[in-house]
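Contents: one structure, followed by commentary.
This structure is a prediction, so every number in the text was calculated from the model and none was measured.
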Amino acid sequence: MQLNHYLNFQGEAEAAFNFYKSVFGGEFAILKRYGEMPFDGNSNLSDAEKNYLLHISLPINEFTTLMASDTTEQFCVANHPFIKGTNHYISINLDKHEQEEAKRLFNALSVNGQIEMPLEKTFWGALYGAFTDQFGVKWMVNCQIEDM
């Protein structure tokens with residue numbers, strides 16, 4: 001298991017991560033845009049929002065990966081509006097053989113919290129879910145079950 005910081009931006013993720021890359025070095029492991037989504041969910045997005053980052057990850061070292069996405073009006077959860085300065089999650093990342101552990105952690109940590117997205121299979125081949133725990137901490141659980 002790996003714990004990482006996951007940041008949210010409003011159209012600034014790419015600029016921020018180009019800056020972080022200039023500081024930390026390395027190469028982006030993943031860079032996906034909203035316009036690349038394989039379903040009609042992006043049809044209501046403006047051309048600018050289709051260019052926003054759905055997900056980006058920058059490995060910092062063998063233990064840490066910095067990740068982020070841009071939020072859009074369509075994909076921002078109503079109860080969790082974007083607020084600069086509090087726009088981060090703790091991301092738990094597990095391997096495909098750890099699916100039961102992903103479910104256990106999601107269920108245990110979200111007790112008395114507010115679920116943003118239930119833990120379910122996604123188009124990027126992972127079990128993924130997000131929630132705010134009972135203490136106001138935002139979490140993501142991502143268990144990659146298919147090769148990307």
Which atom pair, heavy atoms only, marks the closest approach of [X] to [Y]?
X    : Y    : value
F63  : Q2   : O-NE2, 2.9 Å
E12  : D70  : N-OD1, 3.1 Å
L127 : K121 : CD2-N, 3.9 Å
L7   : F17  : CD1-CE1, 4.5 Å
L119 : K103 : CD2-CA, 3.6 Å

Heavy-atom check, side chain of [X] versus side chain of [Y], under 4.5 Å:
X    : Y    : answer
N93  : Q144 : no
S69  : N8   : yes
M140 : M67  : no
N142 : W124 : yes
N4   : L66  : no

Decide salt bridge (charged side-chain N to carboxylate O under 4.0 Å, His left out) for K21 and E27; before the verdict, give the C-alpha distance in whole Å, the side-chain angles of both, and the deciding distance to 0.1 Å. CA-CA 7 Å; K21 182 178 171 185; E27 296 297 325; 3.2 Å; yes
Given side chain to side chain contact (heavy atoms under 4.5 Å, CB included), test L54 with R33 step by step and report yes or no. CA-CA 5 Å; L54 176 65; R33 299 184 187 281; 5.8 Å; no
Does any N or O in the side chain of S110 come within less than 3.5 Å of the main-chain N or O of G113, such that one atom is a donor and the other an acceptor?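 Absent.
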Working to the nearest 0.5 angstrom, can you tell me the gap between [X] [atom1] and [Y] [atom2]?
X    : Y    : atom1 : atom2 : result
I145 : E98  : CD1   : CD    : 13.0 Å
D95  : E101 : CG    : CD    : 12.0 Å
H5   : T65  : NE2   : OG1   : 12.0 Å

Which of parallel (below 30°), tilted (30 to 60°) and perpendicular (above 60°) describes [X] and [Y]?
X    : Y    : value
F131 : F106 : perpendicular
Y20  : F24  : tilted
Y89  : Y6   : perpendicular

Given the rule that I, L, V, M, F, W and Y join up when any side-chain heavy atoms are under 4.5 Å apart, are V111 and L105 in one cluster?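 No, no single cluster joins them.
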Evaluation steps, side chain to side chain contact (heavy atoms under 4.5 Å, CB included), between F9 and E14: CA-CA 9 Å; F9 296 91; E14 190 165 10; over 6 Å; no
Test side-chain contact (heavy atoms from CB on, under 4.5 Å) applied to L109 and V141, V137, I92, the passing residue: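 When V141, V137, I92 are each tested with L109, the side-chain contact (heavy atoms from CB on, under 4.5 Å) holds only for I92.
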